[in-house]
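What follows is a single structure, written as structure tokens, with notes after it.
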Amino acid sequence: MKLNPEQQQAVEYIGGALFVLAGAGSGKTRVITEKIAYLITQAGYKPHHIAAITFTNKAAKEMQERISHRLGKNQTRGLIVSTFHALGMRILREEATNLNYKKNFSILDSSDSAKLIGEMLASSGREPIIKAQHQISLWKNNLLSPDEVYAICENDWQMQTAQIYSRYQATLQHYQAVDFDDLIRLPAILLRENGEIRLKWQNRLRYLLVDECQDTNACQYELLKLLTGLEAKFTVVGDDDQSIYAWRGADMENLRRLQQDYPQLKVIKLEQNYRSTARILKIANQVIGNNPKLFPKTLWSNLGEGDAARIMACRDEVHEAEFVVQQIAKNKLLYDANYADFAILYRGNHQARLFEDALRVARIPYQISGGQSFYDKAEIKDVLAYLRLLANPNDDPAFLRAATTPKRGIGETTLGKLNAYAQQHECSLFEASGSLNTLATLSTKSRESVQQFIALLRDYQQRAQTDDAGETVQNLLDDIQYENYLLENHAENPKMAESRWKNVQDLCTWLAKKSEERNLVELTQLIALMTLLENKDEEIDAVKLSTLHASKGLEYPFVYLVGCEEGLFPHADSVEEHGLEEERRLMYVGITRAKQQLTMTHCKKRKRAGTWQYPEPSRFLDEMSSDDVVRIGHTSGEVVSQEKGRKNSRALLAMLNQKIGGN
DNA sequence: ATTAGCGCCTTTTTT
DNA sequence: AGGCGCTAAT
């Protein structure tokens, strides 16, 4: 299919700064793909001078595939398609010495960093830790150093947190580790302060494309500005109405700043939606109309009127799950649809469980995306801890995990003594374990355990120099008898052990495959950023379960938007100030995932933290005009069925499917 | 004296 | 799945 005039314009405008305001379903990924093809084949850019930046690995992978498909692998060699964090890591690795880091730095995940902050905090408990971590992250994302933060603190708590921030950074440095925020912050600081290095990278990356730019934080925006320089050869694509990451520092002000910083900024709007029926778009526009507008736009489509959306009132969450599953079973037969045509979208991950149960009972295949990621899994973190420790012996968090997994007779007391020594001598736990003075303070048994562990690590540090990464890890797993550890740990559930071991094996396979081109250090850093390995079950025909956040960018003929209740969605913590606007954008994202049929559910009562709650239906449901919404379920006694327009729907679905096939 | 294992609690969204 | 406190095992 041909590009529409606006899309074509967005592809061919390469004179300077360009902002493509791309509504949901307006074909923005296609525009980015075509533009990269245009830059390479028409405008004379070499692939290695172009970088396309996304926010998730999934999006990066998908774009990489589409570009390869469009141009062929040979034509795209050297093209950078990566997340902001992966690009930052690349810069950081090359420029590490300029930032007082070694190339083998570790990357801490957020639970590592939470643990660190927790140790520095006077009080205990999860909440204050999360709060402090969040505050520090916000400061970092706004490019504020600890010293700059001291000057602007408004209360005692902020003052204390600022002190922790300062100590936290010192500790990271000591570990030769960075956190996720640093991956972008440190390169931004370096490029800002060092003109020579800035020029070097500006020369290397001559055209930048940024997807989902409404989700950039101040740090990422700064990095973008520094990389593109005065020539401003870049395209940013985004939609202010789909900004849903303010809670982690994303700032829509960046879109406004864009106009100030680049007065020549060209803005192209993509308003034609190729995804949803007119009535679904009407609801979406109504809801988002309650938010203040940054760049006004109205989505339209020529895919027909379609059915009214449905709002179902359920008795409780069990009823909700049963209803949705029963509807899926029914609609699958009625429309001769695939399972993969259905999606269940929810606000929080914990909501997934009941739907999983109901789907299992009904023997309907399902697939969860956006839940806990592959690398959040314990077994992967275990292996990664060993890798990190081999790459960087200063990585104390990795030492703590590896030393105690599998259990090898090193416990709390021993680690406490090692830590005391390490603090006193300002060295790593690894070094402390090698010190004869420390070892003398341990019992015979503990001492032997520690010495064995250290000998193991030294052995593998040696091997990693010569053997390839895949082989090293495979041998290491044998030596620590990791498979046995899994089996013993899940003695009553061998299937669990099996699936975990399989995850570990998948990781090994991946390492073996990649270890031709990259060394162990690089692979370890790469893994830290990944949220999913090759999604081989991507294509299976299964009902999709997803959080609203993780659903952005995806589309389904049938969407069930569940748990539309005050307190849950909008979430209770966000019903003040800007929080509510963001929840509304989340609702907008949810609605615009639907191509043909949209069903929203809410429960009369729901068990929260052990007690029954009686939530009101979500306020967002009241923002939809009654012309385009049908209320069914509990209130009216019986489930009212929708006969009207069904034939049209069937024809529409056929048409939609044909379009998908035709691409 | 030390470590390991069991059962208890909770969980908004993610690189 | 992880953190906490308690108890059993060495």
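Remember, predicted model here, so these are calculated numbers, not experimental data. Naming convention: chains lettered A, B, ... in sequence-line order (proteins, then strands); numbering from 1 in each chain.
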- [ ] Rounded off to whole Å, could you give me the CD1-to-P distance for the Ile136(A) and dT15(B) pair?
- [x] 21 Å
Open item on the list: From CD of Glu488(A) over to P of dT3(B), roughly how many Å is that when rounded to an integer?
Closed with: 19 Å
Task: Distance in Å, Ile164(A) CD1 paired with Gln135(A) CD, rounded so as to fall on 0.5 Å steps - done: 11.0 Å
Open item on the list: Can you measure Asp112(A) atom CG to dT15(B) atom P for me and round it to whole angstrom units?
Closed with: 16 Å
Open item on the list: At less than 4.0 Å, is any side-chain N or O atom of Thr547(A) found next to OP1 or OP2 of dT14(B)? Yes or no.
Closed with: yes
Open item on the list: Taking only side-chain N and O atoms of Lys417(A), does any of them lie within less than 4.0 angstrom of OP1 or OP2 on dT2(B)?
Closed with: yes
Task: Whole-Å gap separating C1' (dG3(C)) and NZ (Lys381(A)) - done: 13 Å
- [ ] State whether a side-chain donor-acceptor pair under 3.5 Å links Ser435(A) with Asn437(A).
- [x] no
Task: Proximity to the side chain of Phe180(A) - top-ranked nucleotide from dT13(B), dT15(B), dG2(C) - done: dT15(B)
TODO: Would you indicate, yes or no, if dT10(B) has its OP1 or OP2 atom less than 4.0 angstrom from a side-chain nitrogen or oxygen of Arg353(A)?
DONE: no
Task: Phosphate contact (dT3(B) OP1 or OP2) by Thr414(A) side-chain N/O below 4.0 Å - done: yes
Open item on the list: So for His350(A) and dT11(B), does any side-chain atom that can act as donor or acceptor lie under 3.5 Å from a complementary atom in the base?
Closed with: no
Task: Arg408(A) atom CZ, over 12 foreign heavy atoms within 6.0 Å - done: yes
Open item on the list: Expressed as a whole number of angstroms, how long is the span from Leu400(A):CG to dG2(C):C1'?
Closed with: 15 Å
Task: Between P of dT10(C) and NZ of Lys407(A), the distance in whole Å - done: 17 Å
Task: Between P of dT11(B) and CD of Gln351(A), the distance in whole Å - done: 14 Å
TODO: Quickly work out the His134(A) NE2 to dT14(B) P distance and round it to whole Å.
DONE: 13 Å
- [ ] Without swapping roles, check the side chain of Asp179(A) against the backbone of Asp182(A) for a donor-acceptor pair under 3.5 Å.
- [x] yes
Task: CG on Leu223(A) to CG on Leu190(A), rounded to 0.5 Å - done: 10.5 Å
Task: Among dA4(B), dG2(C), dT13(B), the nucleotide that comes nearest once only the side chain of Trp247(A) is considered - done: dT13(B)
TODO: Could you check whether Phe84(A) and the base of dT15(B) form a stacked pair, meaning centres closer than 5.5 Å and planes differing by less than 30°?
DONE: no
Open item on the list: Pick the closest DNA chain B nucleotide for Arg408(A) and for His85(A) by heavy atoms, then say which residue is nearer the 5' end.
Closed with: Arg408(A)
Open item on the list: For dT15(B) and Asn57(A) - does any side-chain N or O of the residue sit under 4.0 Å from the phosphate oxygens OP1/OP2?
Closed with: no
Task: Per Ser446(A) side chain, nearest of listed nucleotides dT15(B), dT14(B), dT2(B) - done: dT2(B)
- [ ] Answer yes or no: does atom CD of Gln451(A) have more than 12 heavy-atom neighbours from other residues, nucleotides or ligands under 6.0 Å?
- [x] yes
Open item on the list: Considering every strand and a 4.0 Å limit on heavy-atom distances, what is the contact class for Arg447(A): base, sugar-phosphate, or nothing?
Closed with: nothing
TODO: Output the single nucleotide from dT14(B), dT15(B), dG2(C) whose closest atom is nearest the side chain of Tyr245(A).
DONE: dT14(B)
Open item on the list: Please compare Lys115(A) and Lys445(A) by the position of their nearest nucleotide in DNA chain C and report the one closer to 5'.
Closed with: Lys115(A)
Open item on the list: Using OP1 and OP2 only, check whether a side-chain N or O of Ser110(A) sits under 4.0 Å from dT14(B).
Closed with: no
- [ ] Would you classify Ile410(A) as touching base, sugar-phosphate or nothing, given that sugar-phosphate means primed atoms plus P, OP1 and OP2, and contacts are heavy atoms under 4.0 Å?
- [x] sugar-phosphate
